[in-house]
Amino acid sequence: MDSFFNSLGYGNFIIVLCVLIFVHELGHYAVAKLCNVRVEVFSIGFGKEIFGWYDKSGTRWKLSIIPLGGYVKMFGERSMPKNDDNLQNNQNLANQNLSEDEIKYSFAHKNLSQRSAIVAAGPAANFIFAIIAFAAMFYFAGKPTPPDFMKSGIGRVIAGSAAADAGFMAGDVIIQIDNANISKFTDLVKAVSTSQGRELAFNISRNGMLKNIVVSPRKEKIQTNDGQMIEIYRLGVGAPMMQFNKLSFGDSISAAISETWNMVILTLESLWDMIIGKIGMENMGGPIKIAQISSDVGNMGGLAILSLMAILSINLGLLNLFPIPMLDGGHLLFYAFEAILRRPLNARVQEIFLRIGLMLLLSLMVFVTINDIITIAF
């Protein structure tokens, strides 16, 4: 247990999380300012303030002690009366408490499209950040592209493995296994893992010369991501190295948009697979698992951290769009009802839904934290 907690990259985790929270809240802040709404507080984190300052417009920028979220507090967010269903009456009563000048800067007195834009700007900022991060990676370092296995061959041979003892060499192109054609590295993995240790006949090409090798995969114990030990059959060869192809500026932007979209679809599909039981809930990660991943990725360099931040930013933006009260998506759902009904939902109904949303979020946080401890620590 001690090694578990010591291994967590709290420094990387906090930096990554604070950057993504800042990006999200900056989206709300920027659009609020464009809509002429006065922003009273811009906070990274919750709870007791660690330090902060006021800018020229009177906004309090601060860092708080619990870095698991943030918020932008806008003037007039709660100036609307709670117990009246009529929008016009609400505004008339609110106007009695606000001066004409204050009404110009009040969030509650902005029209529906402006309020919706301010709320949607947070998730939008996360998606934009991901696009910028991916585009920078593709432009400066290159877009990772799986190599053609039929051209590059195996990437490496592990010393002392069955492959090494049989005479395999890095760069060998595997053409057939037991007369079955091989075109991808996954074809090789499938053939070896299902072999049950029996002899396999390999037809390979080495420097243009054909060669036959017969080898029996060996049973080995490996540790899975959730800490379990399993036995599998392995040959002892590695996949070819990923290739990085630098893209032009325009192609980088286009590829980044496509990558972000694909990540959104993949995330939604994975979530649905969890709901229907196709994927185990142990694959769901919370703050502890993110901290561990941040630590591992931090040892790989800046590009790996940037890639992780882009992926987490997409997940943060997507999560906030779910129609759950307390999240941006919940507020947008209320605004959708307001657009249909031409008046806000009953304040009591909103309050009930907000409490349900808070309970769901707290339950989810407790669940993923316990799940992290079980899958990582034990």
Side-chain angles (χ1 to χ4, degrees), residues 1-8 144-207 209-243 266 269-270 273-274 276-285 288-289 292-293 295-297 299-300 304 371-378:
M1 287 292 289
D2 290 339
S3 61
F4 156 65
F5 284 110
N6 290 335
S7 68
L8 293 180
T145 305
D148 187 341
F149 186 57
M150 295 304 296
K151 292 181 180 179
S152 59
I154 58 179
R156 63 191 178 97
V157 178
I158 300 173
S161 66
D165 293 344
F168 278 91
M169 298 178 63
D172 285 348
V173 176
I174 299 174
I175 301 173
Q176 289 182 327
I177 300 178
D178 286 348
N179 296 319
N181 292 333
I182 301 297
S183 60
K184 305 184 294 294
F185 187 76
T186 51
D187 294 338
L188 167 63
V189 173
K190 183 178 180 180
V192 171
S193 62
T194 59
S195 68
Q196 296 298 312
R198 65 179 176 81
E199 284 190 342
L200 299 177
F202 286 77
N203 298 325
I204 69 170
S205 173
R206 180 181 295 168
N207 299 322
M209 302 291 292
L210 297 179
K211 188 176 180 67
N212 298 321
I213 297 178
V214 177
V215 60
S216 298
R218 295 173 184 169
K219 183 184 291 187
E220 298 180 16
K221 288 185 176 182
I222 64 168
Q223 187 173 17
T224 62
N225 291 333
D226 58 7
Q228 297 181 1
M229 298 298 296
I230 61 173
E231 291 185 339
I232 63 171
Y233 288 94
R234 304 179 73 178
L235 188 62
V237 299
M241 295 293 291
M242 189 72 71
Q243 298 174 348
L266 178 62
E269 288 177 346
S270 299
D273 286 342
M274 286 186 188
I276 64 176
K278 190 175 181 180
I279 297 178
M281 296 301 289
E282 66 273 7
N283 292 283
M284 181 180 291
I288 295 178
K289 187 173 289 187
Q292 186 191 48
I293 294 172
S295 176
D296 296 339
V297 169
N299 297 324
M300 300 179 190
N371 188 57
D372 284 352
I373 293 174
I374 292 173
T375 57
I376 296 177
F378 303 102

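These figures come from a predicted structure and were not determined experimentally.
- For N212 (side chain) and N203 (main-chain N/O), no donor-acceptor pair under 3.5 Å exists by modelled atom type.
- Here D187 does not pair with K190 in a salt bridge; the nearest charged N to carboxylate O distance is not below 4.0 Å.
- Residue I213 comes nearest to R206 through the heavy atom pair CD1-NH2, 4.3 Å, listed as atom of the first residue, atom of the second, then distance.
- For the atom pair CD1 of I182 and CD1 of I177, the computed distance is 4.0 Å after rounding to the nearest 0.5 Å.
- V173 meets the side chain to side chain contact (heavy atoms under 4.5 Å, CB included) test with M150, S205; sequence neighbours excluded.
- Looking at every heavy atom in both residues, P240 comes nearest to F185 through CD-CD1, 4.3 Å.
- F168 has its side chain within reach of I204: a pair of non-hydrogen atoms, C-beta onward, lies under 4.5 Å apart.
- Partners of R218 under the salt bridge (Lys or Arg N to Asp or Glu O under 4.0 Å) rule, at least two apart in sequence or in another chain, are D165.
- The two atoms that bring R156 and I158 nearest to each other are NH1-CG1, 3.6 Å, heavy atoms only.
- How far CD of Q176 is from CG of L200: 13.0 Å, rounded to the nearest 0.5 Å.
- Here the closest non-hydrogen pair linking E199 and D178 is O-OD2, 4.3 Å.
- For the atom pair CG (D172) and CG (N207), the distance works out to 8.0 Å, reported to the nearest 0.5 Å.
- Under the 4.5 Å side-chain criterion, counting only non-hydrogen atoms from C-beta, V237 is in contact with L188.
- Residues Y233 and P217 share a closest heavy-atom pair of CD2-O, 3.9 Å.
- With sequence neighbours excluded, the residues satisfying side chain to side chain contact (heavy atoms under 4.5 Å, CB included) with A164 are V157, S161.
- Residues V192 and S195 approach most closely at O-OG, 2.7 Å, considering heavy atoms.
- Here the NZ-CD1 distance, from K219 to I232, works out to 11.5 Å after rounding to the nearest 0.5 Å.
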